[in-house]
Amino acid sequence: MTVVRTPLVVGNWKMNGSFEANRALIEALLIALAQKTAPDVGVCPPFPYLPQVGALLAGTNVRWGAQTVCEHRTGAYTGQVSASMLRDLGCTYAIVGHSERRQFCGETDEQVSLQAVAALDSGLTPIICVGESAEEEAAGKTLAVIDRQLAPVLATLAGVADEGKGVVIAYEPVWAIGTGKTPTPEGVQAVHAHIRERLMAAGLVQTRILYGGSVKGSNAATLFALPDVDGGLIGGAALDALDFSTICTAAAIRAV
Ligand code: PEP
């Protein structure tokens, strides 16, 4: 069977936005994307803005999603948001295990894998983030860290439907997030090839692997041309409609 992995670009807005700014950003983005060939595209605003963003994007090709999701289905989890609630809001995606959640909210590898399962069970596509810190990279531990983070995910997702088509992995070196630094293209490809090997061994041949960490319009084409990079998870540049649409085009060109 031929495996076709449609490129995907997802914007992580983090804790940014306002009704006014969101409207301006989405309107500008839709205009910019209308003039270009786009891959699969999604944006992940903060929870309170999901209804607004969903309404602005309804009827377009751009999907929306959340920046995290609770691993529990329902109950006494004050402040948490479940996957079924996100589905009610029309979400397609749920980012899980972003390094800022791991760092600031103490999320563990096991918890992240349960969040991914909760997302999948509600029909959401989890975007599962993995990546090493600067210290781990300097100590040559990148692949070991990735393996540790992926292990519970692969154990829980092995045998999932459609050979993992509804699952996305994002490789995001922590030291590249918001810093303007990126690994060399060879470095990115080496980690993605390693992740691909692990996914293939678990039967997840359709799973897309995004790169995230200081992707901009100026470096997206180089990164997305790498054989095991299926698109990007974009932070800062997702708040600039032109830059984000340029990144989307770079992913679309890769698809041709
Ligand atoms: C991110 O936070 O997921 C991210 C990739 O951020 P940035 O693009 O700003 O490095």
Side-chain angles (χ1 to χ4, degrees), residues 8 10-16 42-47 65-72 77-83 86 91 93-122 124-157 164 167-183 187-188 191-192 194-195 198-199 202 204 207-215 231-238:
L8 169 66
V10 174
N12 171 15
W13 289 7
K14 310 198 188 200
M15 199 173 71
N16 293 294
V43 296
C44 296
F47 285 136
Q67 297 173 16
T68 186
V69 63
C70 183
E71 64 271 30
H72 301 291
Y77 301 102
T78 301
Q80 297 278 38
V81 175
S82 74
L86 296 177
C91 288
Y93 301 107
I95 298 171
V96 299
H98 190 281
S99 63
E100 287 150 17
R101 301 283 312 171
R102 293 176 188 262
Q103 187 185 346
F104 303 128
C105 306
E107 292 184 357
T108 64
D109 300 334
E110 286 68 26
Q111 194 178 358
V112 169
S113 77
L114 295 175
Q115 292 171 341
V117 171
L120 268 175
D121 286 352
S122 285
L124 298 169
T125 296
I127 300 172
I128 306 162
C129 301
V130 296
E132 81 287 0
S133 66
E135 297 71 32
E136 290 163 338
E137 197 262 346
K141 293 184 178 161
T142 298
L143 297 185
V145 170
I146 302 291
D147 281 344
R148 191 206 72 218
Q149 293 173 331
L150 277 183
V153 170
L154 296 178
T156 39
L157 296 188
V167 177
V168 175
I169 303 287
Y171 169 53
E172 298 207 305
V174 180
W175 53 271
I177 293 179
T179 59
K181 297 180 197 163
T182 55
V188 171
V191 176
H192 279 237
H194 180 82
I195 296 171
R198 294 286 184 264
L199 292 172
L204 303 173
T207 295
R208 288 175 284 190
I209 310 173
L210 311 185
Y211 169 76
S214 295
V215 178
L233 181 56
I234 317 300

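If you read the sequence from its start, that first residue is 1, and numbering goes on from there.
Every residue meeting the ring-ring contact (aromatic ring centres under 6.0 Å, His included) condition with Y171, not counting sequence neighbours, appears here in chain and number order: H192. With sequence neighbours excluded, the residues that form a side chain to side chain contact (heavy atoms under 4.5 Å, CB included) with S113 are P152, V153, T156. Remark: E71 pairs with no residue by the salt bridge (charged side-chain N to carboxylate O under 4.0 Å, His left out) rule, at least two apart or across chains. Evaluation of the side chain to side chain contact (heavy atoms under 4.5 Å, CB included) rule for A238 yields W13, I234, F244 as partners, not counting sequence neighbours. The ring-ring contact (aromatic ring centres under 6.0 Å, His included) test applied to F47 returns no partner, not counting sequence neighbours. Scored by the side-chain hydrogen bond (donor to acceptor under 3.5 Å, both in side chains) test, E100 finds K14 as partners (sequence neighbours excluded). Listed by chain and number, the residues in a salt bridge (charged side-chain N to carboxylate O under 4.0 Å, His left out) with D147 are R198 (sequence neighbours excluded). For D109, the side-chain hydrogen bond (donor to acceptor under 3.5 Å, both in side chains) partners two or more places apart in sequence, or in a different chain, are R102, R148.
A heavy-atom distance below 4.5 Å is not found between the side chains of V112 and Q149. In this structure the side chain of I195 reaches within 4.5 angstrom of the side chain of V130, judged on heavy atoms. S82 is not listed as a side-chain neighbour of Y77, based on a closest heavy-atom distance of 4.5 Å or more. Annotation: side chain of S122 is not in contact with side chain of L86 (no heavy-atom distance under 4.5 Å). Residues I127 and V10 form a side-chain contact, since some pair of their non-hydrogen atoms from C-beta on lies under 4.5 Å apart. Side chains of P46 and Q67 form a contact here, defined as non-hydrogen atoms less than 4.5 Å apart. In this structure, I95 and R101 have side chains that are not in contact, with every pair of non-hydrogen atoms separated by 4.5 Å or more.
In plain terms, the two heavy atoms of A176 and K181 that are nearest each other are CB-O, 3.1 Å. Among all heavy-atom pairs drawn from C91 and G65, the shortest one is SG-CA, 3.9 Å. Smallest separation of non-hydrogen atoms from A83 and V69: N-CG2, 3.4 Å. What you find for T179 and W175 is that their closest heavy atoms are OG1-O, 2.8 Å. In plain terms, the two heavy atoms of P183 and P173 that are nearest each other are CG-CG, 3.8 Å. Residues G213 and T182 share a closest heavy-atom pair of O-CG2, 3.3 Å.
One distance of note links CG of L157 with CG of L204; it measures 6.5 Å at 0.5 Å rounding. Interatomic distance, CD1 of I177 versus OG of S99, reported as 3.5 Å (0.5 Å rounding). One distance of note links CG of L150 with CD1 of I128; it measures 8.0 Å at 0.5 Å rounding. The structure places NE2 of H194 at 10.0 Å from OG1 of T142, a figure rounded to the nearest 0.5 Å. Note that CG of L8 is 5.0 Å distant from CG of L210, once rounded to the nearest 0.5 Å. Separation of atoms OG1 (T68) and NE2 (H98) is listed at 10.5 Å; rounding is to 0.5 Å.
Panel note: side chain S133, backbone V174; no donor-acceptor pair is recorded below 3.5 Å.
Residue pairs meeting the salt bridge (Lys or Arg N to Asp or Glu O under 4.0 Å) criterion with at least one member in residues 127-137, sequence neighbours excluded, do not occur.
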